[in-house]
Student: 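Take a look at this one; I'll ask things after.
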Amino acid sequence: MRQKIEEMTALELGEAIRRGSCSVTEALESCLAQMERQEPRLHAFVTPLRKRAYEQAKRVQEGIRQGKYASPLAGVPVAVKDNMLLKGTRTTCASRMLENYVPSWSATAVEKLEEAGVVILGKTNMDEFAMGSTTETSYFGVTRNPWETSRVPGGSSGGSAAAVAAGEALLALGSDTGGSIRQPASHCGIVGMKPTYGTVSRSGLIAYGSSLDQIGPLGRNVRDCAALLDVIKGRDSRDATSLDHPQESFLKGLEGKLRGLRVAVPREFLAGGLEEDVRNLFFQALKLLTAQGAIVDFVSLKTEPYLIPAYYIVACAEASSNLERFDGVKYGYRAQDCQGLHQMYRKTRTEGFGWEVKRRILLGTFVLSAGYYDAYYLKAAKARRLLREECDRIFEKWDVILSPAAPTAAPALGESLKDPLQMYLSDLYTVTANLAGLPAVSVPCGTDSQGLPVGLQFMGAALQDQKVLQAALGYEEARGSWQLPFQRGGEKK
Ligand code: GLN
């Protein structure tokens, strides 16, 4: 009997399309039908691209017939976070500032999707300019968690994570500056990966913190994510920080490996704000890893107290400088009825940006200002170097650093923004990978007492993306099957 499209992984669907047992349009229609069912309750997309996707599906089908595509994902429908440019289609960053902005060129990662014959379903919702952990700061309204619609999906790539978790897309692209792929993946019960800094070109990704930002895949399992990373990786002359990753293919030769894997768990990560249920699930995962032959040790991460302060200083400093370009002149929103240039700047930025973005710009401008630069920005840069050195030392002895992806399961809608500082603290486990440029993957490791999913994070040394994927795959196989709410047919309101 033919397997139902919605039960296939992205790689299985790609294979079915290649064999001709399913057409590209049928694959697309299965996702569109799911979007029709899910979007009224979730709002994962800012801009669905139904018509464009149909046209692309037709072209791709013809390309497949001609043997044009090498990627195993040709014909597979994928969603893209709305901070990556897609030529001729509005790209909003979930901000009023870019509400009607239509770019004249595409991000390199998006171009690569199209070259591989991947079908783009639409642009997904996010926190405004990727600043946030809940997808509640979007100008276009919140996205809800497919597991429980009274909860946030996490953020900032919450739309991408919700779309995959709800079966609207088989895979999605997100961006990760301090956890924005891994944390929503954790909250939505899917896999999300932030690759080594430079693995994927940032050209055409609307910048938040340029030294931290990295595009990566979100998917239902580790293999699908590796396949998508293969499509988007590579050195790009339009991004001087991109690199030729020594790993030729992340998917080829990918095997789950736990035997002999040396796992370091930073003790500091198990204190304080870690929720009881998450802690229990984390220790269960440790047990499973040990039973499969991994060697687990507890280590100390002395730079832990500096992680959140250093991250928020660097991220806000870079954001304040990156967002200078939104001034009402170059592109995007422009306020009306202004007297003179200065008033136009002020009014445009006052009306165009939301509160969280303004908070970050103010913080960033402050830490970079004369007289405070040494006390804040320079100190953060030093802490960042110390962290990198400390990680290097850990990776001399251990293969991966293991932690929860987030200290809690998905918070209720409306809870987090009341106390932004508390929300910032929830990035504790994810920011290391960004500050030090390391690869990290979040894999679901169970559900808490409320039935909400929780993620386990594997982090590795720079350029050891394959090793991290192998550990994550090994864990995924040992953990066993994992069902999303739409696959169980048990969707709660
Ligand atoms: N929550 C973090 C922040 O608000 C991370 C965001 C991201 O990775 N884009 O900065």
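First listed ligand is number 1; within each ligand, the first listed atom is number 1.
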Student: Would the distance check show the side chain of S242 and the main-chain N or O of S201 forming a donor-acceptor pair, the cut-off being under 3.5 Å?
Tutor: no
Student: Check this for me, if you would: do E111 and R238 make a salt bridge, where the nitrogen-to-carboxylate-oxygen distance has to be below 4.0 angstrom?
Tutor: yes
Student: Okay, side chain of T137, backbone of D127: is any donor-acceptor separation there less than 3.5 Å?
Tutor: no
Student: First locate atom CZ of F129, then atom CZ of F326, and finally report the distance between them rounded to the nearest 0.5 Å.
Tutor: 4.0 Å
Student: For ligand 1, give me the residues whose heavy-atom distance to it is below 4.0 Å, by chain and number please.
Tutor: A130, M131, G132, S133, S156, D176, T177, G178, G179, S180, Y208, Y311, Y312, R360, D427
Student: Knowing that exactly one of T47, N100, D82 qualifies, which makes a side chain to side chain donor-acceptor pair (under 3.5 Å) with T92?
Tutor: D82
Student: Does atom NZ (K358) have a neighbourhood of more than 12 heavy atoms from anything else shown, all under 6.0 Å?
Tutor: yes
